[in-house]
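First comes the structure, then the notes that go with it.
Excluded from the calculations below are hydrogen atoms, water molecules and symmetry mates; all remaining heavy atoms, backbone and side chain alike, are included. Predicted model, so just to flag it, every value in this text is computed and none were measured. Lettering of chains follows the sequences in order, A, B, ..., and the numbering in each one begins at 1.
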Protein chains: 2
Amino acid sequence: MDIRTIARLANVSIATVSRTINRVPTVNPKIAKRVWEVIEELDYFPNTQARALVSGRSWILGLIVSEITNPFFPELIQGFEDIAVEHGYEILVSSTNHDPKRMSHCIRRMLERKVDGVAVMTFGIEAPLLDQLAQRKVPLVFIDVGPDGPGINVLKVDYHHGIRQGVQHLAALGHRNIAFVRGPEGLHSAESRLDAFLVSLRECGIAPNPAWILSGDHTLEGGMAAMQQLLGEKNMPTAVMCSNDMTAIGVLHTMYRAGLRVPDDLSVIGFDNIHIAEVTIPPLTTVQMSRFDLAKAAVTALRACAEGTEKSAQKHEYNIQTDLVVRESTGFPRGAMKDLPKKVRAKK
Amino acid sequence: MDIRTIARLANVSIATVSRTINRVPTVNPKIAKRVWEVIEELDYFPNTQARALVSGRSWILGLIVSEITNPFFPELIQGFEDIAVEHGYEILVSSTNHDPKRMSHCIRRMLERKVDGVAVMTFGIEAPLLDQLAQRKVPLVFIDVGPDGPGINVLKVDYHHGIRQGVQHLAALGHRNIAFVRGPEGLHSAESRLDAFLVSLRECGIAPNPAWILSGDHTLEGGMAAMQQLLGEKNMPTAVMCSNDMTAIGVLHTMYRAGLRVPDDLSVIGFDNIHIAEVTIPPLTTVQMSRFDLAKAAVTALRACAEGTEKSAQKHEYNIQTDLVVRESTGFPRGAMKDLPKKVRAKK
DNA sequence: CTGAAAGCGCTAACAC
DNA sequence: GTGTTAGCGCTTTCAG
């Protein structure tokens, strides 16, 4: 069954069927109605390949993520899928696992399938590779940072807002000795989080201690290793902020292994607010970054370029907010708890 | 740039270029070499749409999952992507969120993109909807159960093996009072797990207690609710098996909220062995089902149908094994711990 | 407002 | 072993 079948049954030419399907306004409404009836009755739908071949638009949006197994990404993918499909696009998701070889393979796949745009949500760029896309004028959208050029948008995440809230929350509880477990070196979003932490610390009048800036890689294992290292330090902080939730969960686990308690012995703050952060033990205080907002902004930006009217040519600003979600992994610094009940009792 | 460009530069016809690319063996090696050189130099690759249009094969494999946000699925998707891409396929992933409307939309998307096959990994079937695929002769592969027919394969998971190991492990520790938190009603894989549990229990000479078969839905929230309900019972079991890991994590969390300890007050076993099961508090004893094996079997089955030579027409059996992974959420039944240290001390 | 016709880039007969 | 050619199903001028 093809467009000709419909044309024959509706007694019109294939051109008219095509126009009807594509909602060209000049089609006589009566004829259009007749065409639609035949289409519905036969449950016909156009062949996407043929359509893409002739029109040059595939109606496919690519999405490149770093690791699909980090719970942050499936939540993002879900949103991206929902919004893209809502606007008639199909999505092509691919994960790089931080491997440049995979990244290059990803890009090739996107090119081969002639995607109408690509959202690069790896939180870090492999600039030279992405040039292949830019050169072929594929609209791109990045997080945080990316090359500038026509058809390229960057989503700005305000890391500072949420992280400052976190640091202030800790400071308000009485913490002065706060460590930070970083994300991968060179990953822009990770650097930004660290910067935001450092700035916020100083805002609170606290001088950062270099020994308490631990390296990590945004994985469970990285978080465990960082905490293990911290445990070896002569003087321990009373709180630790992590560059993402997976890291924080690793920290929680190492604390548990060491027989220490959170937040009694150490307060912990994560970043992302992935779903399971609600049920960690204890539930994780973390900075929320909306996956839905990110996905929505990404699709919107890509559509603006792909469906490009003149007005959309003028670049929009896309800003993503972050906010602290207080749960139970943060509390008074070690020692303060002992004092507090006394004071409370004294008042009685 | 298209196939004609290559043909011109290599001084051959487009047919020869096509044959070279498709590795038709009759092409003169010398000429083929010349063609490849031009291809490499220009970094040419064929237009997939055109290719699909004429050949009827899209080289796209569909993957329908229930919820991408359950960590089990991203791990499966990763494997599916890797193996499919390795064999030259692109993948089209879509999640149904257990919503029939979404499921039907999913199927439509698969049909529109003319996928060469679909893996339905929802662990439950919406038979009437899938008929649309079967009717159009799209090769299908299911987990556990599915309609029979040409081009339809079913991957058999041996739930019994791993679950029996779990029950025996519990029995060996001295548990006789074991509860089970089920998955969604009507979900075949969930029913199978419950069955396997019941059978294994009887094998150990333990009569199941109906009050200890709790309903759940394979989510964190379901697990929490089930445990909450169990906490209200007059007589509590000493161990609980869960239909999946998310449920078990919910159980762990409710135990924590109730101020009870795992495994001291209750032993807990999950199912799936998702990555974070390693770092729950305590680390979760669970039944491992290999996502990689599942993904590999699914792609293999689909390819056999799609690339269909005669020999592949004869159906293969695909079996997936399950095995217990013992961690720290299981221990002696409540009370037994007190005895043990005494005995140990007595020996000294 | 509608139809005829020319391709989009490629594969697969079919000739040579 | 290689080239010629007829489409795959659709969109889009260009006439009418």
_Nearest whole Å is fine: how far is C/dG9 P from B/Arg57 CZ?_
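After rounding, the gap between these two atoms is 23 Å.
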*Given axes from five pairs at either end, by how many degrees does the helix from C/dC1-D/dG16 to C/dC16-D/dG1 bend, rounded to 10°?*
40°
_Any side-chain N or O of B/Thr16 below 4.0 angstrom from OP1/OP2 of D/dG3?_
yes
*asked:* Once rounded to the nearest 0.5 Å, what's the spacing between atom OG of A/Ser66 and atom CG of A/Leu187?
replied: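 If I round to the nearest 0.5 Å, the distance is 7.0 Å.
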Side-chain donor or acceptor of [X] paired with backbone N/O of [Y] under 3.5 Å:
X        : Y        : result
A/Ser58  : A/Lys114 : yes
A/Asp2   : A/Thr5   : yes
B/Arg136 : B/Ala134 : no

Which heavy atom of [X] sits nearest to which heavy atom of [Y], and what is that distance?
X        : Y        : answer
A/Val154 : A/Ile143 : CG1-C, 4.4 Å
A/Asp144 : A/Lys156 : O-NZ, 3.0 Å
B/Gly117 : B/Val138 : CA-CG1, 3.8 Å

*asked:* At a heavy-atom distance below 4.0 Å, what parts of residues 31-38 of chain B sit against DNA chain C?
replied: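 None, since no heavy atom is under 4.0 Å.
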*Taking only residues two or more places apart in sequence, or in another chain, which ones meet A/Tyr89 in a ring-ring contact (aromatic ring centres under 6.0 Å, His included)?*
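So A/Tyr89 forms a ring-ring contact (aromatic ring centres under 6.0 Å, His included) with A/Trp59.
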*Do nucleotides 8-16 of chain D as a string where each nucleotide becomes B, S or -: B if the base has a protein heavy atom under 4.0 Å, S if just the sugar-phosphate does, - if no protein is that close.*
BBBBBB---
_Listed partners of A/Thr219 passing side chain to side chain donor-acceptor pair (under 3.5 Å), at least two apart_ = A/Asp217
*Name all residues meeting the side chain to side chain donor-acceptor pair (under 3.5 Å) criterion together with A/Glu37; count only those two or more places apart in sequence or in a different chain, and write none if there are none.*
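With neighbours one apart ignored, the set is A/Lys33.
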